[in-house]
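Lettering follows sequence order; numbering is per chain, from 1.
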Number of protein chains: 2
Amino acid sequence: MATLTGVQKQYILHWGEMGTRWGINRTVAQIHALLYLSPRALPAEEIAKTLSVARSNVSTSIRELETWGIVRAVHVLGDRREHYESMKDVWEMFRLVIEQRKRREIDPTRELLRRCLAELDPKEPGADFTRERLAAMAGFFEAVTELHDQMKRLPTGTVRKLLRMGTKVRKAKT
Amino acid sequence: MATLTGVQKQYILHWGEMGTRWGINRTVAQIHALLYLSPRALPAEEIAKTLSVARSNVSTSIRELETWGIVRAVHVLGDRREHYESMKDVWEMFRLVIEQRKRREIDPTRELLRRCLAELDPKEPGADFTRERLAAMAGFFEAVTELHDQMKRLPTGTVRKLLRMGTKVRKAKT
DNA sequence: CTGTATGTTCTGTTTGAACTGAAAGCACAG
DNA sequence: CTGTGCTTTCAGTTCAAACAGAACATACAG
């Protein structure tokens with residue numbers, strides 16, 4: 001088992017901290033950071049030891065990373081254990097995470113707003129006002145969804161190109 | 001004190017739940033939801049009663065919403081109490097929140113990645129690999145920052161227009 | 001100046017998510 | 001079939017964040 005270098009430790013700890021701020025389990029984030037920095041796939045046992053967490057905790061966390069599709073199990077010849085490796089394409093990873101969070105959080109919110117607008121009794125006090133507010137919020141979520149759909153259509157790498165273009169155009173103007 | 005209608009309750013509870021999933025305090029989110037739906041500014045006392053939370057909790061939460069700039073205190077003639085009201089423009093609210101979260105989370109991460117790349121000892125084992133990974137991640141965060149800067153430049157409403165254009169263009173093509 | 005209404009800070013308590021270790025489940029070698 | 005190595009599930013336990021209530025601070029009316 002390779003011990004962590006100073007830089008690796010820093011990155012892993014910071015990534016865990018970032019995770020918690022965005023509603024992602026600290027251990028899950030740390031494991032991802034470790035695998036992301038690892039040049040080879042790691043067995044669960046080694047992850048547990050390296051991060052000093054329980055083997056069972058690793059199991060659960062890995063499964064979460066797998067459902068997101070940013071970590072997968074690979075096999076090593078002559079070793080029965082599963083080895084885990086992280087996806088390498090940073091953009092693709094974030095795209096996957098964003099897509100799933102949209103499904104789990106944005107979509108249900110959209111759904112709720114629609115239901116609220118449908119259920120809203122015009123006779124209840126302040127109904128017009130409530131409707132207007134709900135509609136504004138619903139409009140926002142519709143637009144975000146639209147934005148997300150358009151992003152999805154862009155092949156990986158295009159965003160980077162767009163950004164470079166944007167930068168050049170802006171510089172030229174000033 | 002106005003009691004909440006069914007629809008209002010649903011919205012407030014859901015918003016609180018969403019908050020927790022994105023690392024935002026449940027009460028903070030609920031208070032924001034309440035103020036967003038309220039046709040008039042509300043005094044802290046009334047917020048506490050309506051949501052059944054401690055007065056002190058409201059005080060703290062309101063202050064957080066104020067630092068984000070999406071809630072402000074207003075005064076009502078003949079009333080010594082502060083009344084709080086939420087910003088109405090949904091896009092502007094999210095823009096503010098995103099801007100601040102970027103400052104608090106994205107920027108420090110960028111900083112860390114830079115520091116890691118600078119500190120990385122070329123002699124340590126696997127330094128090349130680590131450098132490559134860190135650089136990829138750093139590139140991502142630079143691009144996100146760039147994207148954010150460009151968005152900031154767009155006046156409110158433009159995003160909506162862009163989205164409508166995008167939709168039209170895509171429909172025309174298919 | 002005193003008393004009352006309002007807002008803030010502090011401290012101890014509560015709560016739920018995260019975590020551990022043990023038990024159970026599985027797959028395969030022999 | 002049986003034992004071994006690995007993984008997952010389960011039942012408590014731990015811990016940090018959120019919260020309540022009290023104490024404190026402030027501002028103002030009278």
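The minimum heavy-atom distance linking Arg40(A) with Glu46(A) is given by the pair NH2-OE2, 2.8 Å. Residues Ala138(B) and Leu117(B) come closest through the heavy atom pair CB-CD1, 4.2 Å. Ala127(B) approaches Pro122(B) most closely through the heavy-atom pair CB-O, 3.6 Å.
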Salt bridge (charged side-chain N to carboxylate O under 4.0 Å, His left out) between Glu142(B) and Arg110(B), worked out
CA-CA 7 Å; Glu142(B) 293 302 325; Arg110(B) 253 183 353 139; 2.9 Å; yes

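Using a 4.0 Å cut-off between a side-chain N of Lys or Arg and a carboxylate O of Asp or Glu, Glu99(A) and Lys102(A) do not qualify as a salt bridge.
For Arg81(B), whose side chain is taken as the heavy atoms from C-beta onward, the closest listed nucleotide among dC6(D), dC19(C), dG7(C) is dG7(C). The side chain of Tyr84(A) lies closest to dT8(D) when the candidates are dT9(C), dT8(D), dC19(D). Comparing dT9(D), dT8(C), dC19(C) by their closest approach to the side chain of Thr27(A) singles out dC19(C).
When rounded to the nearest whole Å, the span between NE2 of His75(B) and P of dT6(C) equals 13 Å. In this entry the distance linking CD of Glu45(B) with C1' of dT8(C) reads 15 Å, nearest Å. Across the protein-nucleic acid pair, Gln30(B) atom CD and dA18(D) atom P stand 13 Å apart, rounded to whole Å. For the pair Asn25(B) CG and dT14(C) P, the interatomic distance rounds to 19 Å; values are reported in whole Å. Between the P atom of dA18(D) and the CD1 atom of Ile31(B) lies a distance of 13 Å, rounded to the nearest Å. Spacing between atom CD of Glu17(A) and atom P of dA16(D) amounts to 11 Å, rounded to whole angstrom units. Going from atom NZ of Lys49(A) over to atom C1' of dC6(D) covers 14 Å, rounded to whole Å. Regarding Ile47(B), its CD1 atom lies at a distance of 14 Å from the P atom of dT6(C), rounded to whole Å.
Residue Arg55(B) is classed as a base contact, given a heavy-atom separation below 4.0 Å to a base. Heavy atoms of Glu82(B) sit under 4.0 angstrom from primed sugar atoms or phosphate atoms, though from no base atom. At a threshold of 4.0 angstrom between heavy atoms, the contacts of Arg80(A) include nucleobase atoms, whether or not backbone atoms are also involved.
In this structure, Thr60(A) does not reach the dC19(C) phosphate: none of its side-chain N or O atoms is under 4.0 Å from OP1 or OP2. Side-chain N/O atoms of Arg26(A) include none lying less than 4.0 angstrom from OP1 or OP2 on dA16(D).
Positionally, the nearest nucleotide of DNA chain C for Gly23(A) lies more toward the 5' end than for the other of Ser56(A) and Gly23(A).
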